[in-house]
There are 2 protein chains.
Amino acid sequence: MNKPKKSIRRKSSGVTIDEVAALAGVSPMTVSRVINNQGKVRDATRERVMHAVRELDYTPNLAASSLAAAQHTRIALIYTNPSGAYLRELLLGVLRAASRTAVQLVVDYWDELDAEAERKAARGLCKRVDGVILPPPLCESRAAVAEFVKGGVPVVAIASGRLSDEISCVRIDDFRAGKELAEHLIQRGHARIGFIRGRTDLNASARRYDGFLAALHEAGLEVADELVQDGDYTYRAGLAAAEKLLEHGDPPTAIIASNDDMAAAAISVAHRRGLDVPRDLSVVGFDDTSAATTVWPELTTIHQPIASMADTAIDILLRSIKRRSDSARVLMDHVVPHGLVTRDSVAAPLKRK
Amino acid sequence: MNKPKKSIRRKSSGVTIDEVAALAGVSPMTVSRVINNQGKVRDATRERVMHAVRELDYTPNLAASSLAAAQHTRIALIYTNPSGAYLRELLLGVLRAASRTAVQLVVDYWDELDAEAERKAARGLCKRVDGVILPPPLCESRAAVAEFVKGGVPVVAIASGRLSDEISCVRIDDFRAGKELAEHLIQRGHARIGFIRGRTDLNASARRYDGFLAALHEAGLEVADELVQDGDYTYRAGLAAAEKLLEHGDPPTAIIASNDDMAAAAISVAHRRGLDVPRDLSVVGFDDTSAATTVWPELTTIHQPIASMADTAIDILLRSIKRRSDSARVLMDHVVPHGLVTRDSVAAPLKRK
DNA sequence: CTGAAAGCGCTAACAG
DNA sequence: CTGTTAGCGCTTTCAG
């Protein structure tokens, strides 16, 4: 039994660093060093500490470490409705990171603000947070980004093309992804491929399209103007775009949509026109959101590891914040691997009669 | 200028409670009381403190308060794939609560575990968290619940029927919601209404169905057996159920699905059969998830305030945890108001020829 | 490479 | 109703 500490306050249940230290026969400080693995600790010591940690099933109290390290870092995650599709994964990612690093998360919702309102909101945030995560489409807002940069608050953009060299970025290679999607279709024999573009003001959209173009080009295929439509990433826009694509006299045998929502819309349009997917029309999406699996057939699409991208974003922010005092601004452009998820919405084209 | 405190450590930038206290001319303790508005504080004093807070734009350091209050509470949010639809809102809610109360969130993912695996996972969690939030369908898992109760860890179930009187619950009134949905249809003249049930092992599903039944009964309508189908909340199941409903010789003029995914599936089936929604068939969903707006027409559905339910859940947990030492277990059954969201998927039925 | 002391910002407990 | 005191669990600083 441990001798009752002279504690006046109630002692909470959890096991503390002191108990670990006691069991390992070292000072709490050494335990701390082992846990954060920083500083030099002899291997043997480290081993003993680790053992004690496991023995006691010790979990550090993040509140305490955060307080002691004066790392009481507040990070804002700003979202808007349009980015809703990512939101769930994004939140999972930041939560994971938060419970690992004890940053304080501030989740803010900007509802379709104009540039002036964004500037104002950004200015307000600058005062209460130490870093900002900007998912699309906000990461492309010059107004917001400029304001944060001016306020000296590090920003990490997620899943976007690199907008400016003043902020960091975690993203996939949209160009390659778009290209792979097209190649996937071309390999299966498609030669007339329709493309529904995303919001033209977003960098990532352009890159996806460029990738598509590159694939066609490499395969020696023509890019027919009438096979490219614009959409703004909404289901409704996908409906209209698909309608235009399919009412053409010589319709495409496959459609690439710049996100899953628009791809789902394309399937819906195809069905209403009596087309079978994928027999009469192949459709692929982008993002692998829940929309990809709440249609029939389920969508072949590009998967982005959003959760771990969010996680990475927080890491980058933390580093930037720490270094901020050291004058040098830390900027990173972090590209993570994406994946092609094949489901049931692609088949070889029917032989043309 | 303030006399340089004897601080050895670097002082972080943020404004602290002491500065507020100084400016307001009171002790930090009083500021603390005002902020958490607990304890009696004279109105004049409170006013002065509030003023100072605003003046300095003070934001409490949650890490510190959490540490001091020994509220270093870890709360687990466990989710499974099927509950994915809620997840986004759920996460927003818990994040909001977390940044308000500085609880440490532990997000855990249980992938289709069997009873034994659930028991084991629960046992493990008991040791590292002080409370658990259980969204559907996990909240109906007797195995998991029993294990947490045994471990003395308070549990709050979200959005489910009350399973046991050993755990707390935050939910909407599923019975009334189901009834309102049916009444909405009946008022518009529908007399043959199909119903796609949810997972029969979930309490909430049964209540929604009972509400439907009650509405029909009150309106003096028959419940035709062939107009009730089972589904498991997936899009695929909705497809099959709607197919059965519509292939009947005397098909319904409206379909109530127990969630949005299945309602979206019903629309898809209707379209493929050449039916116009809502002219030939009205369809309503349940939950107001993103699926409700990524179909055309957009779904009339029941909205649950998931985010604030999650928020409430954390409050309840916090109270339970605090009182836990006081022997008496705190149990609540908290019912929050839902709403009927009318969109474009409902119309009056066509006159029968 | 390791330890001792001091204190991060806040609040529980107990006086006034 | 308000202030004083001590200490939450961890880490920084500085000295072995």
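In what follows, chains are A, B, ... by sequence order, proteins preceding strands, each numbered from 1. Keep in mind that this is a model prediction, so the values were computed, not measured.
- Of the candidates dT4(D), dT2(C), dT11(D), dT2(C) carries the atom nearest the R33(A) side chain, counting heavy atoms from C-beta on.
- Taking atom CG of D18(A) as the reference point, atom P of dG3(C) lies 13 Å away to the nearest angstrom.
- Between dC1(D) and T45(B), no contact under 4.0 Å exists linking OP1 or OP2 to a side-chain N or O.
- With dT11(D), dC1(C), dT11(C) as the choices, the nucleotide that has an atom nearest any side-chain atom of I17(B) turns out to be dT11(C).
- Side-chain atoms of Y58(B) lie closest to dC10(C) of the nucleotides dC10(C), dT11(D), dT2(C).
- Whole-Å rounding puts the R48(B) CZ to dC1(D) P distance at 15 Å.
- Two residues, V31(A) and A64(B), neighbour DNA chain D, and the one matched to the more 5' nucleotide by heavy-atom proximity is A64(B).
- Nucleotide dG9(C) holds its P atom 14 Å from the CG atom of L56(B), rounded to whole Å.
- Contact annotation: S27(A) side-chain N/O to dG3(C) OP1/OP2 distance is under 4.0 Å.
- Around CE of M29(B), the count of heavy atoms belonging to other residues, nucleotides or ligands within 6.0 Å exceeds 12.
- Atom NE2 of H51(B) sits about 7.5 Å away from atom CG of L23(B), to the nearest 0.5 Å.
- Looking at every heavy atom in both residues, L138(B) comes nearest to W110(B) through CD2-CE3, 3.7 Å.
- One finds a side-chain N or O of T30(A) lying less than 4.0 angstrom from the OP1 or OP2 phosphate oxygen of dG3(C).
- Distance I35(B) CD1 to dC10(C) P: 7 Å, rounded to the nearest Å.
- Residue V49(A) comes nearest to A24(A) through the heavy atom pair CA-CB, 4.0 Å, listed as atom of the first residue, atom of the second, then distance.
- Contact check, S32(A) against dT11(D): a side-chain N or O comes under 4.0 Å of OP1 or OP2.
- Relative to the side chain of M29(A), the nucleotides dT11(C), dC1(D), dT11(D) differ in distance, and dT11(D) lies closest.
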